[in-house]
Amino acid sequence: MSIIEHVVLFKVKDDVAPSEADTMVRRINSLASLEQLLHLTVGPLLRIRCFPSLNFTHFFHTRFNSKDDLRAYVAHPSHVAVVKANTPLVD
């Protein structure tokens, strides 16, 4: 059995207030208690080198025991609600 790593890079819209971005991160962190997750990290992306074509502002990393656990997580009502709430804030 292999561990499944799931990484998402995204860009918060320029007109989103910092407090809204913080709320978005808190929403994602609230998913950490879901039983399928082994690990969850989310936050702003620190750039040491600048690549103009890569304009992501945040990252989201999760770890699962299996693809089935990832599928169950993606379909979980809490995850669906967080995606719905956060989608208007990202490009």
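As a basis for the values below, the full set of heavy atoms in this structure was taken, side chains included, without hydrogen atoms, waters or symmetry mates. The chain is numbered in sequence order, starting from 1.
- When the side chains of ILVMFWY residues are joined at heavy-atom separations under 4.5 Å, either directly or via intervening members, Val8 and Leu70 end up in a single hydrophobic cluster.
- Sparse packing is recorded around NZ of Lys67, with 12 or fewer heavy atoms of other residues, nucleotides or ligands lying under 6.0 Å away.
- In this structure the side chain of Val80 never reaches within 4.5 angstrom of the side chain of Pro77, judged on heavy atoms.
- Ring pair Tyr73/Phe64: centre-to-centre distance below 6.0 Å.
- In the hydrophobic clustering of ILVMFWY residues, with side-chain heavy atoms under 4.5 Å counting as a link, Val74 and Leu37 come out together.
- Phe56 and Leu89 are members of different hydrophobic clusters when ILVMFWY side chains are connected at heavy-atom separations under 4.5 Å.
- Of all non-hydrogen atoms in Gln36 and Ala72, the two that sit nearest each other are NE2-CB, 3.7 Å.
- Both Phe60 and Val90 are part of a single hydrophobic cluster, where members link through side-chain heavy atoms under 4.5 Å apart.
- In this structure, the side chains of Thr57 and Pro44 stay at 4.5 Å or more apart for every pair of heavy atoms.
- In this structure the side chain of Asn65 never reaches within 4.5 angstrom of the side chain of Ile4, judged on heavy atoms.
- Inter-residue side-chain proximity for His58 and Leu45 is flagged as unmet; no heavy-atom pair is nearer than 4.5 Å.
- Between His39 and His61, a ring centre-to-centre spacing shorter than 6.0 Å is recorded.
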Tabulate below the donor-acceptor pairs under 3.5 Å that side-chain atoms of residues 14-28 make, not counting sequence neighbours, or state none.
{"from": "Asp14", "atom 1": "OD1", "to": "Lys11", "atom 2": "NZ", "distance (Å)": "2.8"}
{"from": "Glu20", "atom 1": "OE1", "to": "Ala17", "atom 2": "N", "distance (Å)": "3.1"}
{"from": "Thr23", "atom 1": "OG1", "to": "Ser19", "atom 2": "O", "distance (Å)": "3.0"}
{"from": "Thr23", "atom 1": "OG1", "to": "Arg26", "atom 2": "NH2", "distance (Å)": "3.1"}
{"from": "Arg27", "atom 1": "NH1", "to": "Asn86", "atom 2": "OD1", "distance (Å)": "2.5"}

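- Cluster annotation: Leu34 and Val82 are assigned to the same hydrophobic cluster (Ile/Leu/Val/Met/Phe/Trp/Tyr, side-chain heavy-atom contacts under 4.5 Å, transitive).
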